[in-house]
Amino acid sequence: MTSEGVQLLVVDSFASRHHGLISRPAAERLGISRAAWYRAISSDQLEQLYPNVARVHGSPSTFEQRGLAAVWATGPDAMTSHRTSASLWDVERPEDDPLDVMIASRRRHSLPQGVIIHRPRDLLDLRPVIRRGVPTTNPMRMLLDLGAVDPEAVFGAMITVLSTKAASPSALRSALVRHSRRGRRGTAAFRQALERWLGEELPPDSALEGVMSDLIRSYDLPPMQFHAMVAGYEVDFRVRGTNIVIECDGWAAHGLDRDQFEFDRIRDADLVAAGFVTAHVTWRQLTNQPAKAAERIKRVVATWSADGSAQ
């Protein structure tokens, strides 16, 4: 077998693991020269999709192949996003959707023809996930970005994410909290989808902190830390200097399915084992009956000492 024949076998082996694709950088790492690359293209052994990306002749053309080719053609830190990411997370999308690719860095990248390149200001949750062999955004980030380009599709996409257990209700709520800021496109559609699914209004995360701050001032409650980390868990509030945790039920997505119900019970047990006391109040109590909510919190603070023992 000639050296060129061996090279083609190496290319076939690589492409078989990457949706029938090979890139120029990958070919060079495999010992294939620039001249050999262009000979393979001119002889139709490779079909050039983008200047530095080609498919092996005869390999099936698939959605995953198109997505991976667009990522490779854009740059080493690129990933699929928005509508393309939704498809990779099993959300039903129109066949004529464009290819969406996101790049987090500001350095120069290729701009492959027919691909929509997104350069986000919001750089949270941009570690790529390999989905069906293609680097893409995680499902929470996908829902937010989808809301920026197709807000009507977010609710159905969210149902798919939840039904396939790609993300939990609490993960979706946490993502909304992390990404909520003035001017962030997509959060309104994501929030509306969560409200529709929960069957109740889900106020902005800043509202919970504001309501609790008002409660502290109006009823002389001790200071509290918002979104504190306690025993490895994020809680709504921790009363500063104490072992007391305040959780606002009906704010986070508690008890929405069996997995979430079990997770909440495990978390409560872990907090107790770590010496913490959890007091539960509801969003409606905080807003409609603040005096009663404040009285409950005062009783808990008065009853439990810092070491978790009843006084």
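Listed here is the closest heavy atom pair of Ala54 and Leu46: CB-CB, 4.0 Å. Scanning both residues, Asp44 and His57, for their nearest heavy atoms gives O-CB, 3.1 Å. Pairing each heavy atom of Met158 with each of Ala193, the nearest pair is CE-O, 3.4 Å. When all heavy atoms are compared, the tightest approach of Pro139 to Ala166 is CG-O, 3.6 Å. Heavy atoms only, all atoms of each residue included: Gly147 and Val154 are closest at CA-CG2, 3.4 Å. Heavy atoms only, all atoms of each residue included: Leu21 and Ala69 are closest at CD1-N, 3.5 Å.
Contact of the Ile244 side chain with the Arg238 side chain is not registered, since no non-hydrogen atoms from C-beta on lie closer than 4.5 Å. Between Pro151 and Leu146 the shortest side-chain heavy-atom distance does not fall below 4.5 Å. Looking only at side-chain heavy atoms (C-beta outward), Arg66 and Leu49 stay at 4.5 Å or farther from each other. With a 4.5 Å cut-off on side-chain heavy atoms, Ile103 and Ile117 count as touching. Annotation: side chain of Arg296 is in contact with side chain of Gln285 (closest heavy-atom distance under 4.5 Å). A heavy-atom distance below 4.5 Å is not found between the side chains of Val245 and Tyr233. Under the 4.5 Å side-chain criterion, counting only non-hydrogen atoms from C-beta, Leu30 is in contact with Phe14. Residues Trp37 and Ile22 are in side-chain contact: their nearest non-hydrogen atoms beyond the backbone lie under 4.5 Å apart.
In this structure, the side chain of Ser16 engages the main chain of Ser13 through a donor-acceptor pair within 3.5 Å. In this structure, Gln45 contributes its side chain and Val56 its backbone to no donor-acceptor pair below 3.5 Å. Judged by distance alone, the side chain of Thr80 and the main-chain N or O of Pro135 form a donor-acceptor pair under 3.5 Å. A donor-acceptor pair under 3.5 Å is absent between the side-chain atoms of His19 and the main chain of Ala15, judged by distance alone. A donor-acceptor contact shorter than 3.5 Å is absent between the side chain of Gln192 and the backbone of Ala189.
Linking ILVMFWY side-chain heavy atoms closer than 4.5 Å, directly or via other members, places Leu124 and Val129 in two distinct hydrophobic clusters. Both Met140 and Val91 are members of a single hydrophobic cluster when ILVMFWY side chains are connected at heavy-atom separations under 4.5 Å. In terms of hydrophobic clustering, with Ile, Leu, Val, Met, Phe, Trp and Tyr side chains grouped at heavy-atom distances under 4.5 Å, Met79 and Leu111 are assigned to different clusters. In terms of hydrophobic clustering, with Ile, Leu, Val, Met, Phe, Trp and Tyr side chains grouped at heavy-atom distances under 4.5 Å, Met102 and Trp72 are assigned to different clusters. Residues Leu126 and Val101 do not share a hydrophobic cluster, defined by chaining ILVMFWY side chains whose heavy atoms lie under 4.5 Å apart.
From His280, atom NE2 reaches atom CD1 of Ile297 across 12.0 Å, with rounding to the nearest 0.5 Å. Within the model, atoms CD of Gln225 and CZ of Phe237 stand 10.5 Å from one another, a figure rounded to the nearest 0.5 Å. Within the model, atoms NZ of Lys298 and CG of Leu221 stand 6.0 Å from one another, a figure rounded to the nearest 0.5 Å. A distance of 3.5 Å separates CG of Asp100 from NE2 of His118, quoted to the nearest 0.5 Å. Note that the CD1 atom of Ile246 and the CZ atom of Phe226 stand 13.0 Å from one another [nearest 0.5 Å]. For the atom pair CZ (Phe190) and CG (Leu144), the distance works out to 5.0 Å, reported to the nearest 0.5 Å.
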CA sep, side-chain torsions, deciding dist, call: Asn52, Ser23, side chain to side chain donor-acceptor pair (under 3.5 Å)
CA-CA 6 Å; Asn52 292 311; Ser23 65; over 6 Å; no

Can you list the steps and then say if Arg240 with Thr242 is a side-chain contact (heavy atoms from CB on, under 4.5 Å)?
CA-CA 6 Å; Arg240 292 187 183 275; Thr242 76; over 6 Å; no

What's the verdict on side chain to side chain donor-acceptor pair (under 3.5 Å) for Asp236 and His227, showing C-alpha distance, side-chain angles and the deciding distance?
CA-CA 5 Å; Asp236 289 332; His227 280 330; 4.7 Å; no

Side chain to side chain donor-acceptor pair (under 3.5 Å) assessment of His82 paired with Asp97:
CA-CA 10 Å; His82 296 70; Asp97 264 355; over 6 Å; no

Could you please spell out the steps behind the side-chain contact (heavy atoms from CB on, under 4.5 Å) verdict for Val115 and Tyr50?
CA-CA 11 Å; Val115 178; Tyr50 300 105; 3.5 Å; yes

Please assess Arg39 against Ser43 for the test side chain to side chain donor-acceptor pair (under 3.5 Å), listing each intermediate value before the final yes or no.
CA-CA 6 Å; Arg39 281 198 302 271; Ser43 64; over 6 Å; no

Could you go step by step and tell me if Thr160 and Trp89 meet the side-chain contact (heavy atoms from CB on, under 4.5 Å) rule?
CA-CA 8 Å; Thr160 298; Trp89 288 106; over 6 Å; no

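Thr137 and Ser81 form no side-chain donor-acceptor contact under 3.5 Å, judged by distance and modelled atom types alone. Inspection of the Thr136 and Ser85 side chains reveals an N or O donor paired with an N or O acceptor under 3.5 Å.
The environment of CZ in Arg119 is crowded: more than 12 heavy-atom neighbours from other residues, nucleotides or ligands sit within 6.0 Å. Within a 6.0 Å radius of NZ in Lys292, other residues, nucleotides and ligands contribute 12 heavy atoms or fewer. Heavy atoms from other residues, nucleotides or ligands lying under 6.0 Å from CZ of Arg17 number more than 12.
Under 4.0 Å is where a charged nitrogen must lie from a carboxylate oxygen, and between Asp122 and Arg141 at least one such pair does. Here Arg185 does not pair with Asp145 in a salt bridge; the nearest charged N to carboxylate O distance is not below 4.0 Å. Ion pairing between Arg24 and Glu28 holds under the 4.0 Å rule for side-chain N and carboxylate O. Between Asp90 and Arg131, at least one side-chain nitrogen of the basic residue sits less than 4.0 Å from a carboxylate oxygen of the acidic one, meeting the salt-bridge criterion. The pair Arg83-Asp150 does not count as a salt bridge, with every side-chain nitrogen at least 4.0 angstrom from each carboxylate oxygen.
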